[in-house]
Amino acid sequence: MALYAIGDLHLSLTVDKPMDIFGAGWAGHVRKLEEAFSQMDEADVTVLCGDTSWGIDLDESLEDFLFIDRLPGRKIILKGNHDYWWNTAAKMRRFFEEYRISSIDILHNNCYFYGEYAICGTRGWFYEEEQSGHNEKVLNREVMRLEASLKAAGDRPVLAFLHYPPLYMGYRCPEIISKLEEYQVRQCFYGHLHGPTHRRAIEGTVGHVAYSLVSADYLGFVPKKILN
């Protein structure tokens, strides 16, 4: 039994959205994911850090979720900026039940436990969105969702999972970082950064939190093992 993380699967088994247009490294990425997960066990848990499917709604994302469900182990998913299919937790759970998708759980205003650790997280916020007008309301909502998740952890040590990086070279989101520090988060895993932006990622301890980038292309489409 082990805990893993990977983000940005960008699956498009129904829609025409080939990822190799973003670089040769994406060629055959679905096959690469299958091969990597084939080395895992049914008792393993993988956190998927957003941008899971290109589908614009749940129906268009169905084949992507069926693919994920067939992969070994339990998966915990959180929202990314391209997850247009995302809906209320109740509707997503009904959808999974309808199609007998049993290995996927939703991380949204809640937390899950892995051994002594709490798995917490939310999408987060990214100031690059200022190019279309920074939305303080959305940022505040994400901070509230992160805090709700962290509070649900109780006294357990916390592992946090975000889609957006809370910091990278030349950028910080102080509202998110302050919550990670306040709740004494041990490690924070994030995605969103691809290709040339990998070099701007910050990995290692900043303040009291250890940060790690887990975008699929950064990891070579092999989930990162966090805990045994």
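What you are looking at is a predicted structure, and each value in this text was computed from that prediction instead of being measured.
Between Y112 and D105, the closest side-chain pair of non-hydrogen atoms falls below 4.5 Å. Between K179 and V143, the closest side-chain pair of non-hydrogen atoms falls below 4.5 Å. Side chains of R74 and T46 form no contact here, defined as non-hydrogen atoms less than 4.5 Å apart. The shortest distance between side-chain heavy atoms of R93 and I101 does not fall below 4.5 Å. Contact of the D8 side chain with the F221 side chain is not registered, since no non-hydrogen atoms from C-beta on lie closer than 4.5 Å. Between L78 and L48 the shortest side-chain heavy-atom distance does not fall below 4.5 Å. With a 4.5 Å cut-off on side-chain heavy atoms, F65 and W85 count as touching. When side chains are defined from C-beta on, F189 does not count as touching V47, because their heavy atoms never get closer than 4.5 Å.
Using modelled atom types and a 3.5 Å distance limit, the side chains of Y218 and E203 yield a donor-acceptor pair.
Of all non-hydrogen atoms in R100 and D69, the two that sit nearest each other are O-OD2, 3.7 Å. Nearest heavy atoms, K224 versus L219: N-CD1, 3.8 Å. In this structure, K17 and S12 approach most closely via the heavy-atom pair O-OG, 3.0 Å. Taking each heavy atom of Y168 and A201 in turn, the nearest pair found is CB-CA, 4.3 Å. Nearest heavy-atom pair, F95 versus L62, reported as atom, atom and distance to 0.1 Å: CZ-CD1, 3.8 Å. Here the shortest heavy-atom pairing between P166 and L180 reads CG-CD1, 4.4 Å.
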key: salt bridge (Lys or Arg N to Asp or Glu O under 4.0 Å) between E97 and R94, worked out   = CA-CA 5 Å; E97 289 173 6; R94 286 196 301 269; over 6 Å; no
Test log, rule side-chain contact (heavy atoms from CB on, under 4.5 Å), inputs I6 and S215 = CA-CA 6 Å; I6 188 170; S215 297; over 6 Å; no
ask   = Are D51 and H163 close enough, and set up right, to give a side-chain contact (heavy atoms from CB on, under 4.5 Å), and what steps lead you there?
value = CA-CA 8 Å; D51 281 6; H163 176 66; 3.4 Å; yes
key: From CA spacing to verdict: side-chain contact (heavy atoms from CB on, under 4.5 Å), S149, L107   = CA-CA 8 Å; S149 182; L107 183 58; 4.3 Å; yes
task = Apply the test side-chain contact (heavy atoms from CB on, under 4.5 Å) to residues E34 and F67: give CA-CA distance (whole Å), side-chain angles for both, the deciding distance (0.1 Å), then the verdict.
result = CA-CA 9 Å; E34 283 185 300; F67 168 80; 3.3 Å; yes
inquiry  = Show, in sequence, the C-alpha distance, side-chain angles and deciding distance for H192 and H82, and conclude whether the ring pair (Phe, Tyr, Trp, His ring centres under 6.0 Å) test is met.
reply    = CA-CA 10 Å; H192 187 67; H82 291 300; 7.4 Å; no
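In terms of modelled atom types and a separation under 3.5 Å, the side chain of S61 and the main chain of D64 share no donor-acceptor contact. A donor-acceptor pair is defined here as one N or O able to donate and one able to accept, closer than 3.5 Å; no such pair exists between the side chain of E63 and the backbone of L13. In this structure, the side chain of K225 does not engage the main chain of L3 through any donor-acceptor pair within 3.5 Å. Of the possible polar contacts, none joining the D41 side chain to the D44 backbone as a donor-acceptor pair under 3.5 Å is found. Using a distance-only test at 3.5 Å, with no hydrogens or angles considered, no donor-acceptor pair links the side chain of N140 to the main chain of K137. Checking side-chain atoms of S53 against main-chain N and O of G55 turns up a donor-acceptor pair under 3.5 Å.
In this structure, R156 is positioned above the aromatic face of F113, its NZ or CZ under 6.0 Å from the six-membered ring centre and within 45° of the axis.
Checked against the 6.0 Å centroid threshold, Y114 and Y117 do not count as a close aromatic pair.
Tracing side-chain contacts under 4.5 Å through hydrophobic residues (I, L, V, M, F, W, Y), one never reaches Y84 starting from L11; they form parts of separate clusters. By the rule that hydrophobic residues join a cluster once side-chain heavy atoms approach within less than 4.5 Å of another member, L66 and F37 end up as members of one cluster. In the hydrophobic cluster analysis, where Ile, Leu, Val, Met, Phe, Trp and Tyr join through side-chain heavy atoms closer than 4.5 angstrom, M144 is grouped apart from L150. V222 and V214 fall into different hydrophobic clusters, where Ile, Leu, Val, Met, Phe, Trp and Tyr are joined by side-chain heavy atoms under 4.5 Å apart, directly or via other members. When the side chains of ILVMFWY residues are joined at heavy-atom separations under 4.5 Å, either directly or via intervening members, V138 and I177 end up in a single hydrophobic cluster.
Rounded to the nearest 0.5 angstrom, I77 CD1 and T52 OG1 are separated by 6.0 Å. A distance of 4.0 Å separates CE in M92 from CH2 in W86, rounded to the nearest 0.5 Å. Atom OG1 in T14 sits 10.0 Å away from atom CG in D59 (nearest 0.5 Å). Taking CG of N87 as the reference point, atom NE2 of H108 lies at 10.0 Å (rounded to 0.5 Å). In this structure, NE2 on H10 lies 11.5 Å from CG on L33, to the nearest 0.5 angstrom. Annotation: the span from I76 atom CD1 to S103 atom OG amounts to 11.0 Å, rounded to 0.5 Å.
Ring geometry, H29 versus W26: the interplanar angle exceeds 60°, so the pair is classed perpendicular (tilted spans 30 to 60°).
Of the options E147, R145, E142, a side-chain hydrogen bond (donor to acceptor under 3.5 Å, both in side chains) to T122 is made by E142 and by none of the others.
Heavy atoms of other residues, nucleotides or ligands lying less than 6.0 angstrom from CD of E181 number more than 12.
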